[in-house]
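Quick notes on the structure that follows.
Chain identifiers are assigned alphabetically (A, B, ...) following the order of the sequence lines, protein sequences preceding nucleic acid strands; residue numbering begins at 1 within each chain. Keep in mind the model is a prediction, meaning the values are calculated, not measured.
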Number of protein chains: 2
Amino acid sequence: MARRNDHTREEIQGMAIDATRTLIAKEGLEGVSARKVAQKIGYTVGTLYQNFENIHELILHANAFSLTQLLVELEKVYQAEPRALPRIIRIANTYLDFGQRHEKQWIAIFRHTLPRDFIMPDWYQARIDALFSLIERAVRELAPGRDKKQIQLASRTLWSSVHGICILNIGNKLYSDNIATPQTLMQSLVTHYLSAWIQEGSKA
Amino acid sequence: MARRNDHTREEIQGMAIDATRTLIAKEGLEGVSARKVAQKIGYTVGTLYQNFENIHELILHANAFSLTQLLVELEKVYQAEPRALPRIIRIANTYLDFGQRHEKQWIAIFRHTLPRDFIMPDWYQARIDALFSLIERAVRELAPGRDKKQIQLASRTLWSSVHGICILNIGNKLYSDNIATPQTLMQSLVTHYLSAWIQEGSKA
DNA sequence: TTGAATGGTAAACGTTGTTCAATTATGCTT
DNA sequence: AAGCATAATTGAACAACGTTTACCATTCAA
């Protein structure tokens, strides 16, 4: 079944995703183009388009890789810290830190917009869900008494906020007057929000 | 000085910005192109490029318009509500609501990325600053005793978080299981964060 | 009524995503 | 071994993009 360079369909796809990843890491999302990827793996655009529906699917695969990396890091932190509150704080900081360490990849994940008719693949949505469910787990063990709805509300609120800090941190250095580092903001957010949320729960 | 259609330089610029705004409102940021804008105002691309450095400057002007609209709304809410805490809550909700009512424009503001060498114009940065300073004002009057650094930290933390909820609200309907509406998240964030923050201040 | 300056155009360049007819290489069958 | 069917691969083409520039035309100053 193999041809020319003895590359399986799967191998070509893997090579293309790798090439896309390095392109993103070096030049950012804007640096990715079908022709560049094709040239990097020693094929032409035509071949690329027999292995991927379009350029968005390719980028989505590269982004899914980054998301998996992030998930692995967060899961590790989760395992390493048994105490519920420090755990969430560390997870939030790791999230922020990941965005800083892999800035280009991070931006690629959240700035990449797919066309209106593009249906997000299951395997991609699964990563997003895994992320949110990790947070939900962490929040649940922080306040085991709360019912599912409350846990969901708190974890989504918290994580949207954490995400907001990460977003505004990147690119725009809104915090250029050095005192208010993103880490400080993160600390302020998580401790204040959660302390009030826990306190509210102990009243009931 | 006027030519062909008796349009001043300023008039052409205004027309182009208007055309860009309606394009964004109708088709989103991706629907904007130099040729489309030019055609809409009855000129050619060449003329457009004599009035704007590049397409980014044009989009920036359109986005600045939206930002001003937003600012006006927020300022109105600020004036209408004298009580410090309800004021912040209403401002946050208005922020969220604006994003929902003008989704395309909102996305255009925050998804538009300018090239690496592009220096953000002062008149644009001024809008961003005005936004943050409005929040800072509101937070300051919530806790007049705090020093400037603490106010800055809290207002930036709060607003990054508010922004995060708005961001995750748009496009991706992460909250499709209806119970956790963005309004609920917003309420949860602002009340919990601020109550803990105020409490912390009253201790000192 | 000239000459200079400016407004405006149209065509061109290089890039993008995407498609597709033509070609080439392979595996299977005879 | 020869030929055929099938699949992989190519390269050219298309439309649209941002941007530049040589050129034309209109106006103002002299």
Salt-bridge present (R9(A), E11(A); N to O < 4.0 Å): no
Residues E73(A) and R101(A) bridged, charged N to O under 4.0 Å: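 Salt bridge present between E73(A) and R101(A).
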To the nearest Å, give me how far apart [atom1] ([X]) and [atom2] ([N]) are.
{"X": "M15(A)", "N": "dA8(D)", "atom1": "CE", "atom2": "P", "answer": "15 Å"}
{"X": "R9(A)", "N": "dT6(D)", "atom1": "CZ", "atom2": "C1'", "answer": "13 Å"}
{"X": "F118(B)", "N": "dG18(D)", "atom1": "CZ", "atom2": "C1'", "answer": "14 Å"}
{"X": "Y43(A)", "N": "dT24(C)", "atom1": "OH", "atom2": "P", "answer": "17 Å"}

Parallel, tilted or perpendicular, as decided by the 30° and 60° cut-offs, for the rings of H163(A) and W106(A): tilted
Is a donor on one side and an acceptor on the other found under 3.5 Å between the side chain of [X] and the backbone of [Y]?
{"X": "R87(A)", "Y": "Y78(A)", "result": "yes"}
{"X": "K40(A)", "Y": "A16(A)", "result": "no"}
{"X": "N63(B)", "Y": "A108(B)", "result": "yes"}

Under the side chain to side chain donor-acceptor pair (under 3.5 Å) test, residues paired with R90(A) that sit two or more places apart: none
R137(A): partners by side chain to side chain donor-acceptor pair (under 3.5 Å), with sequence neighbours left out: E75(A)
side-chain hydrogen bond (donor to acceptor under 3.5 Å, both in side chains) contacts in which one or both residues fall within residues 187-197 of chain B, not counting sequence neighbours: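 Listed once each, the pairs are S188(A)-Y193(B), Y193(A)-S188(B), E200(A)-H192(B), S188(B)-H192(B).
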End axis versus end axis in the helix from dT1(C)-dA30(D) to dT30(C)-dA1(D), the angle rounded to 10°, five pairs used at each terminus: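 Its terminal axes enclose an angle near 30°.
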Worked verdict on T20(B) versus L23(B) for side chain to side chain contact (heavy atoms under 4.5 Å, CB included): CA-CA 5 Å; T20(B) 306; L23(B) 271 175; 5.6 Å; no
Sugar-phosphate, base or nothing in reach of L48(A), heavy atoms under 4.0 Å: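 Nothing: the residue L48(A), judged by heavy atoms under 4.0 Å, touches no strand.
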DNA chain C contacts made by residues 21-39 of chain A, counting heavy atoms under 4.0 Å: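 V32(A), S33(A), A34(A), R35(A) - these, ordered by number, are the residues of the stretch whose heavy atoms sit under 4.0 Å from the strand.
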Neighbours of DNA chain C within residues 49-65 of chain B, by heavy-atom distance under 4.0 Å: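 Contacts with DNA chain C under 4.0 Å: Q50(B).
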From dT9(D), dG8(C), dA11(C), nucleotide with atom closest to T47(B) side chain: dG8(C)
H7(B) versus Y43(B), side-chain donor and acceptor atoms under 3.5 Å: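 On atom types as modelled, these side chains qualify, holding a pair under 3.5 Å.
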